[in-house]
Amino acid sequence: MLGVSLSCKITNLNQNLLGLLEKCKSMLELKQLHAVVISFGLSQDDPFISKILCFSALSNSGNINYSYRVFSQLSRPTIFNWNTIIRGYSNSKLPIYSLSIFLKMLRLGVAPDYFTYPFIVKASARLLNQEIGVSVHAHIIQTGHESDRFIQNSLIHMYASCGNIMWAQKVFDSIQGKNLVSWNSILDGYAKCGEMVMAHKVFESMSEKDVRSWSSLIDGYVKAGEYREAMSVFEKMRAVGPKANEVTMVSVSCACAHLGALEKGKMIHKYIVDSGLLVTLVLQTSLVDMYAKCGAIEEALLVFRGVSKSQTDVLIWNAMIGGLATHGLVEESLNLFKEMQMVGILPDEVTYLCMLAACAHGGLVKEAWYFFESLNKCGMTPSIEHYACMVDVLARADQLTTAYQFICRMPIEPTASMLGALFSGCINHRNLALAEIVGKKLIELEPNHDGRYIGLSNVYAVDKRWDDARSMREAMERRGVKKSPGFSFVEISGVLHRFIAHDKTHPDSVETYCMLNFVVRQTKFSFYKDNKEKSLKDTSMGDEFFLF
DNA sequence: ATTGATGAAC
């Protein structure tokens, strides 16, 4: 009698535990349930452990390392358990672990099944390591799994991710009975590799298209820098395609950001809200960036402040901090950096780059050194961009010799853009001797860059070295370097207007120049007021620029 | 239980 009721209770307990595990939301809850499982002395190989493994390996709020610790306690893990852990790591930050666990599995003589392979192919894709991918592919052929459509589709993605679109196409061609995923994978592959003509061709030849097909095409155009094309595909999608999702909108808002199309961007934002799309952190980040790049820093802040702090990550902070920095809102940018650390988000290399950019705008040399050293202290290696930013800070602050020495002491070769920053510094601060050294080096580095010749020629002109000035322009002509016009874009009421320097073809050209002259005069006026120690003659050098 | 997509700086 007692035995019956006990076993009855245990059955109930089992049922309840399973139910609770199904509903589990966080690692905290999971650990509590795990503790119950252990304290009741339930068998290791029971269904609870599998559930615990699944949640901690696969859930968004899971913890793959916890999962692995549980897994490693199992005396006889099932193929399902192996697959769970391999799948978990393939989605993690360390997909290489999928492969080491896979190898361990092989060593122990456990045979992988057709569920295992898509996960390890995905892991190789995420590692962007074709060599590993090829070995995995070879193993798939050896074990006779090469006609599995799931595996083939993941192989297309793997080869395309590694930049080998030819092999991706080969796998695609070999598939008997291609499905939508196969088509989307090859389409996305071409888009990823920047082959938009092919991507478009694939897209057109598809009999069935879903939101991913459209999104891949749009994103491909965005990644290829063809933002207008991306926008027009999106318009077409709205007219004749499926409903866009949050992934589509990330690409579309990115296109708006690069076009500086604020009105369109606002419409996109409205569309997102109106259509009740899931507003993910990724989407919020791209909206912050879009508003910042379109000059609407207040709107960017509004989106940013709408995200609850506990939901944020380093990317959205970087987008906001970087946006403030490029708007010259240096103080705000520094404050946000402090706030970010108070919230407990660790800055990364990009954060420091944003901070250095802020310092460059604010002329904050001391702070820049502080950030540059923090970067090293936190165990990060400064990249070429960090060095370039530092040079920019020093050059703008008239610490030209320090900047020059900084470049000489760098452990890496200076880039042309870095020397370019120093060069502009030399010109702006009238260090003509250093300008000449740097300018010559720049022409050596980039013999086809028109601006370098013109810049150096202008330097000589200021120094009244007319012969040298002329010889620069002659050298430029001799080498067939063409002066390429720079474009400016202005968006008014959703219409994009393009301008070239000295352009008089626009219908509102007269009014535009009128306004421009007014702005230039105002700027100069306030500049002279701030720089009384500098002579008017000196600062008028800007006028001589680009008259060439 | 499986495959295909998205965000930050230059």
What is the distance, rounded to the nearest whole Å, between atom [atom1] of [X] and atom [atom2] of [N]?
{"X": "A:Met158", "N": "B:dA5", "atom1": "CE", "atom2": "P", "result": "13 Å"}
{"X": "A:Ile120", "N": "B:dT3", "atom1": "CD1", "atom2": "P", "result": "14 Å"}
{"X": "A:Met355", "N": "B:dA9", "atom1": "CE", "atom2": "C1'", "result": "13 Å"}
{"X": "A:Asn179", "N": "B:dT2", "atom1": "CG", "atom2": "C1'", "result": "13 Å"}
{"X": "A:Glu246", "N": "B:dT6", "atom1": "CD", "atom2": "P", "result": "12 Å"}
{"X": "A:Arg126", "N": "B:dT3", "atom1": "CZ", "atom2": "P", "result": "13 Å"}
{"X": "A:Lys122", "N": "B:dA1", "atom1": "NZ", "atom2": "P", "result": "17 Å"}
{"X": "A:Leu356", "N": "B:dA8", "atom1": "CG", "atom2": "C1'", "result": "15 Å"}

Which nucleotide in [options] has an atom nearest any side-chain atom of [X]:
{"X": "A:Lys293", "options": "B:dA5, B:dA9, B:dA8", "result": "B:dA9"}
{"X": "A:Cys354", "options": "B:dT3, B:dA9, B:dT6", "result": "B:dA9"}
{"X": "A:Leu315", "options": "B:dG7, B:dA5, B:dA1", "result": "B:dG7"}
{"X": "A:Phe115", "options": "B:dT3, B:dA1, B:dT6", "result": "B:dA1"}
{"X": "A:Thr285", "options": "B:dA1, B:dA8, B:dT6", "result": "B:dA8"}
{"X": "A:Val282", "options": "B:dA8, B:dA1, B:dG7", "result": "B:dG7"}
{"X": "A:Phe119", "options": "B:dA8, B:dA1, B:dT2", "result": "B:dT2"}
{"X": "A:Val247", "options": "B:dT2, B:dA9, B:dT6", "result": "B:dT6"}

Run the salt bridge (charged side-chain N to carboxylate O under 4.0 Å, His left out) test against [X] and tell me which residues pass, sequence neighbours left out.
{"X": "A:Glu246", "value": "none"}
{"X": "A:Arg69", "value": "none"}
{"X": "A:Arg87", "value": "none"}

### Query
Is there ring stacking between A:Phe150 and B:dT2, where the centres must be under 5.5 angstrom apart and the planes under 30 degrees?
yes

### Message
Looking at B:dA1 and A:Phe80: do their rings stack (centroid distance under 5.5 Å, interplanar angle under 30°)?
### Response
no

### Message
Please classify the nucleic acid contact of A:Leu281 as base, sugar-phosphate, or nothing, using heavy-atom distances under 4.0 Å.
### Response
base

### Touch class at under 4.0 angstrom, heavy-atom based, for A:Asn245 against every strand present
base

### Phosphate-side-chain proximity, A:His386 and B:dA9, N/O vs OP1/OP2 below 4.0 Å
no

### Task
Taking atom types as modelled, find out whether A:Ser383 and A:His386 have a side-chain donor-acceptor pair closer than 3.5 angstrom.
yes

### Query
Between A:Tyr89 and A:Asn65, does any side-chain donor sit less than 3.5 Å from a side-chain acceptor?
yes

Would you say the base of [N] and the side-chain of [X] have a donor-acceptor pair closer than 3.5 Å?
{"X": "A:Ser286", "N": "B:dG7", "answer": "no"}
{"X": "A:Asp219", "N": "B:dA5", "answer": "no"}
{"X": "A:Asn318", "N": "B:dG7", "answer": "no"}

Does anything in [range] reach DNA chain B, meaning a heavy atom under 4.0 Å, and if so which residues?
{"range": "residues 332-350 of chain A", "result": "A:Asp348, A:Val350"}
{"range": "residues 161-173 of chain A", "result": "none"}
{"range": "residues 207-214 of chain A", "result": "A:Asp210, A:Arg212"}

Give every residue pair that meets the salt bridge (Lys or Arg N to Asp or Glu O under 4.0 Å) criterion with at least one member in [range], sequence neighbours excluded.
{"range": "residues 138-153 of chain A", "result": "none"}
{"range": "residues 272-299 of chain A", "result": "A:Lys270-A:Asp274, A:Asp289-A:Lys293"}
{"range": "residues 173-195 of chain A", "result": "A:Asp188-A:Lys192"}

### Message
Centre-to-centre under 6.0 Å for A:Phe172 and A:Trp183, is that the case here?
### Response
yes

### Message
Using the side chain to side chain contact (heavy atoms under 4.5 Å, CB included) criterion, which residues pair with A:Glu204? Sequence neighbours excluded.
### Response
A:His200, A:Lys236

#### Entry: A:Gln341: partners by side chain to side chain contact (heavy atoms under 4.5 Å, CB included), with sequence neighbours left out
A:Phe337, A:Pro347

### Query
Is the OH atom of A:Tyr404 crowded by more than 12 outside heavy atoms at less than 6.0 Å?
no

### Message
Could you work out, with ring pair (Phe, Tyr, Trp, His ring centres under 6.0 Å) as the rule, every residue matching A:His258, not counting sequence neighbours?
### Response
A:Tyr227

